[in-house]
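Quick notes on the structure that follows.
As the structure lists them, so they are numbered: ligands from 1, and atoms in each ligand from 1. Note that the structure is a prediction, hence the values are computed from the model and not measured. Computed over heavy atoms, backbone and side chain alike; hydrogens, waters and symmetry mates excluded.
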Amino acid sequence: MRVLGIETSCDETGVAIYDETAGLLANQLYSQVELHADYGGVVPELASRDHVRKLLPLIDAALQEAQLTHNDIDAVAYTAGPGLVGALMVGATVGRSLAFAWNVPAVAVHHMEGHLLAPMLEETPPSFPFVALLVSGGHTQLISVTAIGEYQLLGESIDDAAGEAFDKTAKLLGLDYPGGPRLAKMAATGTVGRFTFPRPMTDRPGLDFSFSGLKTFAANTIRANPSDAQTHADIARAFEDAVVDTLLIKCKRALQQTGFKNLVIAGGVSANQNLREKLSTMMTGRGGEVFYARPAFCTDNGAMIAYAGMVRLKAGCTADTRITVRPRWPLSELTPI
Ligand SMILES: Nc1ncnc2c1ncn2[C@@H]1O[C@H](COP(=O)(O)OP(=O)(O)OP(=O)(O)O)[C@@H](O)[C@H]1O
Ligand SMILES: [Mg+2]
């Protein structure tokens with residue numbers, strides 16, 4: 001069986017084809033980063049219009065990459081939420097309509113389940129149960145995962161997501177959108193310990209996060225110090241270390257609380273090298289393992305939607321002919337399979 005996966009929830013148009021036995025046959029991605037760069041963030045209407053322009057050519061490109069025609073596709077999966085409503089509508093309308101025209105089932109995929117399952121596309125996938133840390137541009141969540149669809153929220157950010165904090169702090173440091181990866185690159189040349197940022201909400205019990213204070217702390221530190229390149233790199237380093245440490249402390253707590261051995265990290269921030277290294281060291285020390293996807297599958301992509309679509313399709317979770325999207329959609333509302 002082969003599933004065509006479509007991702008259009010934000011500023012990336014992603015299309016992929018996943019084969020049940022052969023694995024990933026095609027993966028096409030178009031990033032709108034340049035389109036939004038002048039505005040310092042995603043402009044929803046521009047995002048929707050660009051998905052309209054790029055989606056069909058990308059579907060053609062994916063079929064060509066896999067050397068297939070639409071007759072070889074057994075189902076169409078598309079991101080139905082959460083995300084920007086207009087952007088979601090493009091993928092859902094095209095995906096649902098193609099499935100109707102091709103007379104195959106459609107699968108409405110939860111974007112965060114896509115992120116969460118992305119590490120399953122790697123050579124050594126995690127096995128259940130595990131604690132998942134979802135760290136992206138819009139989410140910071142710790143989840144107990146006992147099976148596909150059995151997701152229990154353990155804690156989440158009460159304000160900014162980790163990726164959002166990276167992007168906002170990067171902006172304060174004069175870096176272009178999206179600043180997260182740029183800040184990480186700058187931090188690599190920073191001096192450890194020249195500045196110390198707080199580790200928010202680690203001094204009290206619980207698994208929630210708060211990252212908006214770090215951005216303010218960064219703004220004050222930038223204002224109170226010279227604006228040379230090394231100072232900026234040192235501030236970037238202190239910010240990154242604070243986010244990584246905070247995530248690490250909470251992951252450790254979640255593992256203690258659940259008694260689970262393994263950890264999965266997913267979403268754009270899971271591409272962060274510093275985070276990967278520190279979590280790997282921590283997990284080795286605990287006799288467990290940390291699993292993550294290759295960097296291209298940490299940020300938005302069609303492959304994770306095609307994979308999640310295949311899993312849901314096999315469990316019989318197909319969509320009816322209505323085209324519906326859910327801009328807000330808690331992961332815990334998904335049905336276990
Ligand atoms: N190496 C990195 N270090 C830190 N942050 C990073 C890195 N790479 C990407 N990011 C951050 O990841 C985020 C993008 O990830 P992703 O595409 O998963 O988020 P999103 O799709 O916008 O949000 P969501 O999935 O919650 O809807 C951005 O905030 C970006 O700055
Ligand atoms: Mg995402």
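Below 4.0 Å from some heavy atom of His111 lie the following atoms of ligand 1, by number and element: 21 (O), 25 (O), 27 (O). Close contacts between ligand 1 and Asp300 involve ligand atoms 16 (P), 17 (O), 18 (O), 21 (O) [criterion: under 4.0 Å to a heavy atom]. Of all the atoms in ligand 1, the ones that sit under 4.0 Å from a non-hydrogen atom of His115 are 18 (O), 25 (O). For ligand 1 and Gly163, the ligand atoms under 4.0 Å from any heavy atom of the residue are 29 (O). Each of the atoms 23 (O), 24 (P), 26 (O) of ligand 1 lies under 4.0 Å from some heavy atom of Gly138.
When atom types are taken as modelled, the side chain of Asp208 and the backbone of Gly155 share no donor-acceptor pair closer than 3.5 angstrom. No donor-acceptor pair under 3.5 Å is formed between the side chain of Thr191 and the backbone N or O of Arg194. The backbone N or O of Ala161 sits less than 3.5 Å from a side-chain atom of Glu164, completing a donor-acceptor pair.
In this structure, a donor-acceptor pair under 3.5 Å is absent between the side chains of Asn225 and Thr231.
Protein heavy atom nearest atom 20 (P) of ligand 1, with residue, atom name and distance: Gly137 N, 3.7 Å. Closest to atom 18 (O) of ligand 1 among all protein heavy atoms lies Gly268 N, 3.0 Å. Protein heavy atom at the shortest distance from atom 28 (C) of ligand 1 is Asp167 OD2, 3.5 Å. Here the protein heavy atom with the shortest distance to atom 24 (P) of ligand 1 is Ser136 OG, 3.4 Å.
Under 4.0 Å from ligand 1, heavy atoms of Asn272 appear from its side chain as well as its backbone. At a heavy-atom cutoff of 4.0 Å, ligand 1 is contacted by the backbone of Cys298 but not by its side chain.
The residue among Pro178, Ala187, Gly180, Ala161 with a heavy atom at the shortest distance from atom 5 (N) of ligand 1 is Gly180.
The shell of residues lying under 4.0 angstrom from ligand 1, judged by heavy atoms, excludes Ser9. Ligand 1 does not have Lys185 within reach: every non-hydrogen atom of the residue lies 4.0 Å or more from it.
A salt bridge is defined here as a Lys NZ or Arg NE, NH1 or NH2 lying under 4.0 Å from an Asp or Glu carboxylate O, and Asp234 with Arg237 fails to meet this definition. A salt bridge does not link Asp74 to Arg2: none of the charged side-chain nitrogens sits closer than 4.0 Å to a carboxylate oxygen. In this structure, Lys278 pairs ionically with Asp241, as a charged nitrogen and a carboxylate oxygen lie closer than 4.0 Å.
Using a 4.5 Å cut-off between side-chain heavy atoms of Ile, Leu, Val, Met, Phe, Trp and Tyr, with links allowed through other members, Met120 and Ile17 fall into different hydrophobic clusters.
Taking the six-membered ring for Trp, Phe297 and Tyr292 have ring centres at least 6.0 Å apart.
Between Phe130 and Phe128, the ring-plane angle classifies as parallel under the 30° and 60° cut-offs.
Rounding to 10 degrees, one finds that the Mg ion (ligand 2) sits at the corner of an angle of 90° between Asp300 OD1 and His111 NE2.
Annotation: Gly267 places no N or O atom under 3.5 Å from an N or O atom of ligand 1; distance criterion only.
Geometric assessment of Lys171 against the ring of Tyr177 yields a negative cation-pi assignment under the 6.0 Å and 45° thresholds.
The minimum distance between the Mg ion (ligand 2) and any N, O or S atom of His115 involves atom NE2.
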